[in-house]
Amino acid sequence: MSRSWWRSVTERPVPGDIISLIEMGPDPCPMQPGTVGVVRSTARWTDETWQLSVDWKPSPNGEQRSLALVWPVDKVKILGRDVPRSAPT
């Protein structure tokens with residue numbers, strides 16, 4: 001296991017990070033593993049727990065869901081960074 005892979009699954013995501021869901025904690029209607037989204041905001045709950053607001057990409061059947069994650073209870077992998085486009089000059 002590479003150091004960069006380990007960091008991608010243990011580092012807390014920040015706004016702008018593109019993430020992939022690995023595993024969701026107890027939830028009555030969990031998201032599917034592998035679902036990809038962009039973290040839009042974070043809020044600290046406790047010293048070790050954060051809520052992540054995520055814009056999820058539509059599923060293969062076209063379903064669009066909005067569901068926040070609780071990090072580190074919900075496991076995600078950071079895939080990269082969503083770089084906003086600059087305004088045309």
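The chain is numbered in sequence order, starting from 1.
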Report the distance from atom CZ of Arg44 to atom CH2 of Trp50, rounding to the nearest 0.5 Å. 4.0 Å
Determine, step by step, whether Val38 and Asp17 satisfy the side chain to side chain contact (heavy atoms under 4.5 Å, CB included) criterion, reporting the C-alpha distance in whole Å, the side-chain angles of both residues, the deciding distance to 0.1 Å, and the verdict. CA-CA 6 Å; Val38 177; Asp17 282 348; over 6 Å; no
Any Ile18 side-chain heavy atom under 4.5 Å of Ile78 side chain: no
Is there side-chain contact between Ser41 and Gln51, with heavy atoms separated by less than 4.5 Å? no
For the hydrophobic clusters of this structure (ILVMFWY residues joined by side-chain heavy atoms under 4.5 Å, transitively), does one cluster hold both Leu52 and Trp45? no
Do Met31 and Asp74 have side chains that get closer than 4.5 Å, going by heavy atoms? no
Between the CH2 atom in Trp56 and the CG atom in Leu21, the distance rounded to the nearest 0.5 Å is 5.0 Å
Compare all side-chain heavy atoms of Val39 with those of Ile19 and state whether any distance is below 4.5 angstrom. yes
Does any non-hydrogen side-chain atom of Leu69 lie less than 4.5 Å from one of Val76? yes
State, with a plain yes or no, whether a side-chain heavy atom of Leu67 is found less than 4.5 Å away from one of Met24. yes
Would you say CD of Gln64 has more than 12 non-hydrogen atoms from neighbouring residues, nucleotides or ligands within 6.0 angstrom? yes
Which atoms form the tightest heavy-atom contact between Arg40 and Asp55, and what is the distance? NE-OD2, 2.9 Å
Are the side chain of Thr35 and the backbone of Gln32 linked by a donor-acceptor contact shorter than 3.5 Å? yes
Minimum heavy-atom separation for Pro26 and Val73, please, with both atom names. CD-CG1, 4.4 Å
